[in-house]
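For reference, positions follow the sequence shown, starting with 1.
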Amino acid sequence: MRDWRGLRTELGRDRRALVQFFCAVTSYRPLPHMVPGHLAGLTAPEILPDGKVSSAKTNKLMLGGIGAGKTGWAGAEFTMGVIANPGAWHLMAGPTHDQVDNVNLPHWLRYVEELEQAGYPLGEGKWHKQAKMQKLVCGGRVFARTYAKIGNLLGFEFATVWTDEIETVPRSLEVWDTLDGRVRDSRGQWRQIIGTTTPSGLRNVVAKFHTARLQAHQLSDPEERDRELSRWFWARHTGLDNPYLPAGYLPGLRKHYSTRRWRQEVMAEILRPESVIWAEFEESRHCIHFGSFHPQTMEYDLAYDAGDQYPHVLWIARDAMGRSIVFDELCEDNVPTGKLHEEIVARCERLKRPPSIIVCDRAVKPEIRWAQYQFPRSHVLRMQSRLEQSVAEGIEVVRDQLDPVDGDARLLFAKHLVDNGTRRGIVACMSNYRYKTDMHGVITPIPHKDNVFDHGADALRMHQVAVHARHSQAYTLTRRHL
């Protein structure tokens, strides 16, 4: 065992030898674009300003689209960090228990088993499911936690930390900084924190790396500049870089994704945040002439957001080509509920058939009961599951219909709604529904609730989720719901 510890120590001094050894004794075969990420990083001890010697610390961020292989890369990189630092503690962390147990942990267990079969045991005993921990040969431990439990790790010290899908959680920078402060285990030869994620704009952890690398490029000393760039390594890879994805996987995503979602979640592009939520909306593209509703050849739905004194009701036709066309709306301010109900019924009667689907706000139960009583032949839906209630996901579903990667827009609006004299009209909502900005003027991913443009947007969002994202239909989750 002393020879194994000595070999691990020796491998930790040469990252290239470490990668070669790992690939020789396990089934891991990195794609060509993954190799630089393994070779990058510091290994030699550093001398601090006070004269003390400290182990080198590296920060790595792998930005990848869906299917790019970033989690597989990080699983191997994490295991190599454990090999190179005998006696130290290590942590893998993810957004949910499901993600940690079924995505991250299997990579670790697979390599532990393969290393043992090759005669290089790494784990001492089996993985402890309740404690989410495993003891290591030559000392040390590996832990698995979710980001919700990082507050319990403030007393821990680690040599290696792997944060998977870090940009999918709120306060991702706070999570990163908390875990980064725990990468201080002096028993390791070098320390490393690894992040893998699909970017969500130039914010949070992505912005932290961007700023650090900009500062490194400004250093005049070439050696110091190269060292800082190695300390803050990042790379970006797309889903198209992985030749082993199943045939039809990416074309299936392309069929349902908006252009922006494709660029961000598959191509892993760092897109500039937009203040306007649906910046893809253009009157010239999305507003069409809609003569009249034909009950014999078309069906229509009602989307109803009750609002607090600011209700918004949309009449949405669905044609044979699968398009949704908003052709009527009711959005008077401070209208009595009884009068609102009468006007809804009158307009539906003029259409000579009841709505096929009525989508209501789940929080306003009296309106749900009224819709069920008034339109017994209609299917009354509400956003029940956590996924359906997600505002962020609903926004993306609307975006997918406004600007699909391939083909024409599938969400349209009747042209007579553009100048119908209403202050809160749906066309105005599409152009003015915006994200909040924080006290520093930074755009946040939270929509602004102003009681003007948000209720029409909410009604449309709920309808599109009900029609295009029901659990009984084919539906693709975003990285936020892993």
Side-chain angles (χ1 to χ4, degrees), residues 12-16 18-19 30 33-49 53-65 68 70-71 73-74 76-78 80-81 84-85 90-93 150 157-169 171-185 188-238 268-272 442:
R13 297 176 183 145
D14 185 348
R15 286 183 181 263
R16 183 176 296 275
L18 176 61
V19 175
H33 66 269
M34 297 178 177
V35 176
H38 290 308
L39 299 180
L42 306 177
T43 56
E46 298 179 307
I47 300 177
L48 301 178
V53 178
S54 173
S55 56
K57 179 173 176 291
T58 302
N59 309 271
K60 290 186 179 182
L61 182 62
M62 180 65 76
L63 303 176
K70 57 186 179 297
T71 301
W73 170 87
E77 179 72 8
F78 176 79
M80 284 188 273
N85 294 281
H90 312 269
L91 170 70
M92 67 181 81
I150 61 167
E157 294 184 350
F158 303 105
T160 311
V161 170
W162 170 21
T163 63
D164 193 28
E165 296 297 347
I166 183 64
E167 284 293 290
T168 64
V169 295
R171 306 192 308 276
S172 58
L173 185 57
E174 178 185 341
V175 172
W176 176 277
D177 288 341
T178 300
L179 293 176
D180 188 31
R182 299 295 93 207
V183 185
R184 55 201 300 182
D185 194 335
Q189 293 189 92
W190 40 264
R191 296 164 293 139
Q192 183 166 269
I193 180 169
I194 310 161
T196 50
T197 192
T198 299
S200 181
L202 189 60
R203 52 163 65 100
N204 301 323
V205 179
V206 179
K208 185 183 185 75
F209 271 75
H210 177 67
T211 301
R213 289 184 63 83
L214 281 179
Q215 293 174 350
H217 279 292
Q218 294 172 1
L219 296 174
S220 57
D221 185 347
E223 290 187 6
E224 187 178 359
R225 180 171 61 248
D226 292 343
R227 187 172 184 81
E228 286 304 306
L229 289 174
S230 295
R231 187 189 307 279
W232 292 91
F233 173 86
W234 73 350
R236 182 183 71 87
H237 304 295
T238 75
E269 295 183 19
I270 304 173
L271 302 180
R272 183 186 300 275
V442 177

Would you sort out whether Thr198 and Lys70 count as a side-chain contact (heavy atoms from CB on, under 4.5 Å), showing the intermediate values? CA-CA 9 Å; Thr198 299; Lys70 57 186 179 297; 3.6 Å; yes

4.5 Å side-chain heavy-atom contact, Val175 and Leu179: yes

Check whether any side-chain heavy atom of Met62 sits under 4.5 Å from a side-chain heavy atom of Trp234, and report yes or no. no

Could you tell me whether the side chain of Lys57 reaches within less than 4.5 Å of the side chain of Val183, counting heavy atoms only? yes

Should Glu157 and Arg182 count as an ion pair when the cut-off is N to O under 4.0 Å? no

Euclidean distance, Thr178 OG1 relative to Arg171 CZ, rounded to 0.5 Å: 9.5 Å

Does a donor on one side chain and an acceptor on the other come within less than 3.5 Å for Arg191 and Ser55? yes

What pair of heavy atoms forms the shortest contact from Ala159 to Asp185, and how long is it? N-CB, 3.5 Å

Can you give me the closest heavy-atom contact between Ile270 and Gly201, atom names plus distance? CG2-C, 3.7 Å

Is there a donor-acceptor contact under 3.5 Å from the side chain of Lys60 to the main chain of Ala40? yes

Does any part of the side chain of Pro199, heavy atoms only, come nearer than 4.5 Å to the side chain of Glu167, both counted from C-beta? no

Between CZ on residue Arg203 and CG on residue Leu173, distance to nearest 0.5 Å: 12.0 Å

Does the ring of Trp190 carry Arg15 above it, NZ/CZ under 6.0 angstrom from centre and within 45° of its axis? yes

Please tell me if the side chains of Leu61 and Val205 come closer than 4.5 Å, counting only heavy atoms from C-beta onward. yes

Side chains of Val19 and Leu39 in contact at under 4.5 Å (non-hydrogen atoms): yes

Mind telling me whether His33 and His237 have parallel, tilted or perpendicular rings, with 30° and 60° as the class edges? tilted

Where is the tightest heavy-atom contact between Trp176 and Phe209, given as atom of each residue plus distance? CZ2-CE1, 3.5 Å

Do Asp221 and Arg227 meet the salt-bridge criterion of a basic N to acidic O distance under 4.0 Å? no

Under 3.5 Å: donor-acceptor pair, side chain of Asn59, backbone of Ile193: no

Spacing of CG belonging to Asn85 relative to OG1 belonging to Thr160, to within rounding of 0.5 Å: 5.0 Å

Kindly give the heavy-atom pair with the smallest separation between Gly12 and Thr43, and that separation in Å. O-CG2, 3.7 Å

Stepwise side-chain contact (heavy atoms from CB on, under 4.5 Å) test for His210 and Val206: CA-CA 6 Å; His210 177 67; Val206 179; 5.5 Å; no

Interatomic distance, Ser172 atom OG to Glu165 atom CD [nearest 0.5 angstrom]: 11.5 Å

How about Ile194 and Trp73: do any of their side-chain heavy atoms sit closer than 4.5 Å? yes

For a side-chain contact (heavy atoms from CB on, under 4.5 Å) check, start with the C-alpha distance between Trp232 and Thr58, then their side-chain angles and the critical distance, and finish with the verdict. CA-CA 6 Å; Trp232 292 91; Thr58 302; over 6 Å; no

Would you call the rings of Phe78 and His90 parallel, tilted or perpendicular, where under 30° means parallel and over 60° means perpendicular? perpendicular

Does Glu228 form a side-chain contact (heavy atoms from CB on, under 4.5 Å) with Leu219? I'd like the steps, not just the answer. CA-CA 9 Å; Glu228 286 304 306; Leu219 296 174; 3.7 Å; yes

Scanning both residues in full, the closest heavy-atom pair of Gly64 with Ala268 reads C-CB, 3.6 Å

Backbone N or O of Gly41 within a donor-acceptor pair of the Arg231 side chain at under 3.5 Å? no

Kindly indicate whether the side chain of Asp164, heavy atoms from C-beta on, has any atom under 4.5 Å from the side chain of Thr71. yes

